[in-house]
Number of protein chains: 2
Amino acid sequence: MTIDREGPVPPYRQIAAALRERIADGTIPPGRRIPSLVELEAEFGAARDTLRKAVQLLKDEGLVETVQGMGIFVVSDRPQND
Amino acid sequence: MTIDREGPVPPYRQIAAALRERIADGTIPPGRRIPSLVELEAEFGAARDTLRKAVQLLKDEGLVETVQGMGIFVVSDRPQND
DNA sequence: CAAAATTTGTACGTATGTATG
DNA sequence: CCATACATACGTACAAATTTT
């Protein structure tokens, strides 16, 4: 996935869309951790600030939850086997 | 109003609380504009990023709305005389 | 138990883009 | 065209929580 820096859609929204799709299609299943900010930074070639904005969108949508010191997790509507 | 940088409450939350109070007590009435980010920067002595986080909280609460090029406005539940 | 590594949270500063007046 | 104001992006630094060594 590559970011289009010419078009009207800001990078942070493109990144959010990419992650949203991975969640929707099950690439990253409920309860699972999303790549860390450092990893996302490497993958998308965007600044931490930009990635945090993308993650914030998903948090606002209730798709993910962040836990300091642990990571970013896909929310599971139904409880998973822990 | 002064920010306490020693306590556990981060500055952006203190600033949000200060603005929230001004809205609640009518100091800044519905429909009216809040001081610009530049003005808030001078008043609170905080960075732009910190102020934006404070405003974001109020936006999430539905207390204010931002309009690019115009400012940050207190939301009016009932329509005002425009 | 202690130290280091990992990861998110917060803060600061700067630059550029976009919209409004 | 210019000034004002918010939006986005980049980079850096340190704090706090968790996990690993």
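To find a chain, count down the sequence lines: A is the first, B the second, and so on, and within it residues start at 1.
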Which whole-number value in Å describes the distance from [X] [atom1] to [N] [atom2]?
X	N	atom1	atom2	answer
Ile72(B)	dA19(C)	CD1	C1'	15 Å
Arg13(A)	dA7(D)	CZ	P	11 Å
Arg5(B)	dC14(D)	CZ	C1'	13 Å
Glu6(A)	dT8(D)	CD	C1'	15 Å
Phe73(B)	dA5(D)	CZ	P	11 Å
Leu40(A)	dT7(C)	CG	P	11 Å
Leu37(B)	dT8(D)	CG	C1'	13 Å
Tyr12(A)	dC10(D)	OH	P	13 Å

Taking side-chain contact (heavy atoms from CB on, under 4.5 Å) as the criterion, tell me which of Thr66(B), Leu19(B), Val75(B) meets it with Leu58(B).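 With Leu58(B) as partner, side-chain contact (heavy atoms from CB on, under 4.5 Å) holds for just one option, Leu19(B).
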Residues in side chain to side chain contact (heavy atoms under 4.5 Å, CB included) contact with Glu39(A), at least two apart in sequence or another chain: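 Per chain and number, Glu39(A) pairs via side chain to side chain contact (heavy atoms under 4.5 Å, CB included) with Arg33(A), Pro35(A), Ser36(A).
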Quick one: [atom1] on [X] to [atom2] on [Y], what's the gap to the nearest 0.5 Å?
X	Y	atom1	atom2	answer
Leu40(B)	Arg52(B)	CG	CZ	11.5 Å
Asp49(B)	Gln56(B)	CG	CD	11.5 Å
Asp60(B)	Asp60(A)	CG	CG	5.5 Å

Assigning hydrophobic clusters by single linkage (Ile, Leu, Val, Met, Phe, Trp, Tyr; side-chain heavy-atom cutoff under 4.5 Å), is Phe73(B) placed with Ile28(B)?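 Result: no, two separate clusters.
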Quick one: do Ile72(A) and Ile15(A) end up in the same hydrophobic cluster if we chain Ile, Leu, Val, Met, Phe, Trp and Tyr together by side-chain heavy atoms under 4.5 Å apart?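 Yes, one cluster joins them.
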Within a radius of less than 6.0 Å around CZ of Arg20(B), do more than 12 heavy atoms belonging to other residues, nucleotides or ligands occur?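 Buried by this count: over 12 neighbours within 6.0 Å.
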Does the structure show a Watson-Crick or G-U wobble partner for dT7(C), both distances under 3.5 Å? Name it, or say none.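 When the pairing criteria are applied, dA16(D) turns out to be the nucleotide that pairs with dT7(C).
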5′-ward residue of the pair Gly45(A)/Glu39(B) relative to DNA chain D: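 Nearest-nucleotide comparison on DNA chain D picks Glu39(B).
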It should be established whether Ser36(B) places a side-chain nitrogen or oxygen under 4.0 Å from OP1 or OP2 of nucleotide dT4(D).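 For dT4(D), neither OP1 nor OP2 has a side-chain N or O of Ser36(B) closer than 4.0 Å.
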So if I take residues 48-60 of chain B and measure heavy-atom distances to DNA chain C, which residues fall below 4.0 Å?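 Those residues whose heavy atoms fall under 4.0 Å from DNA chain C, taken from residues 48-60 of chain B in numerical order, are Asp49(B), Thr50(B), Lys53(B).
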Between Val64(B) and Ile23(B), does a side chain to side chain contact (heavy atoms under 4.5 Å, CB included) hold up when you go through it step by step? CA-CA 9 Å; Val64(B) 303; Ile23(B) 295 171; 3.7 Å; yes
Taking the minimum atom-to-atom distance to the side chain of Arg33(B), which one of dG11(D), dT8(D), dA5(D) wins?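 It is dA5(D).
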Return the polar atom pairs (N/O with N/O) between nucleotides 16-18 of chain D and the protein under 3.5 Å, or none.
| residue | atom | partner | partner atom | Å |
| --- | --- | --- | --- | --- |
| dA16(D) | O4' | Gln68(A) | NE2 | 3.4 |
| dA16(D) | N3 | Gln68(A) | NE2 | 3.0 |

